[in-house]
Each structure stands twice: as C-alpha cells, then as structure tokens.
Amino acid sequence: MKTHPILEQHPERRTKCLVYTRVMGYHRPVESFNIGKKGEHKQRTHFNECKC
C-alpha cells in the first residue's frame, strides 16, 4: 500500500488508526485477532452501501 505524499512529508503528524470489526454481536479491534483470524479478515469483501 502506498502512503500519501503529504503523510510522507510530515511523519510526526501521523497517528495510529485502529480498525474495528463486528464479531459475534460486538466490535473488536482487528489488531487483537490471532494470525488466522487476521488472514480471514483480509479476505473479506468490503462494500459501500448506497443511500437509495
């Protein structure tokens, strides 16, 4: 994944971003998953629901 040029110019302004996903009815950070679950999460299909 390529980093945006502005972020490359100002690394001191970057902050850590946690990604949460819904698991069994509650939200958990992906970073706390084991290796198998992280791989499973990467294979998921992501989509944006349109407001029709």
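The model shown is predicted, which means the values in this text are computed figures rather than measured ones. In this chain, numbering begins with 1 at the start of the sequence shown.
- Counting heavy atoms of neighbouring residues, nucleotides and ligands inside a 6.0 Å radius, atom CZ of Arg44 exceeds 12 of them.
- More than 12 heavy-atom neighbours from other residues, nucleotides or ligands sit within 6.0 angstrom of CG on Leu18.
- Atom CD of Glu12 is surrounded by more than 12 heavy atoms from other residues, nucleotides or ligands within 6.0 Å.
- When the side chains of ILVMFWY residues are joined at heavy-atom separations under 4.5 Å, either directly or via intervening members, Phe33 and Tyr26 end up in a single hydrophobic cluster.
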side-chain contact (heavy atoms from CB on, under 4.5 Å) for His41 and Thr21? Distances and angles first, verdict last. CA-CA 9 Å; His41 183 263; Thr21 187; 4.0 Å; yes
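- Lys16 approaches Glu31 most closely through the heavy-atom pair NZ-OE1, 2.9 Å.
- By the 4.5 Å heavy-atom criterion applied to side chains, Lys37 and Val30 are not counted as neighbours.
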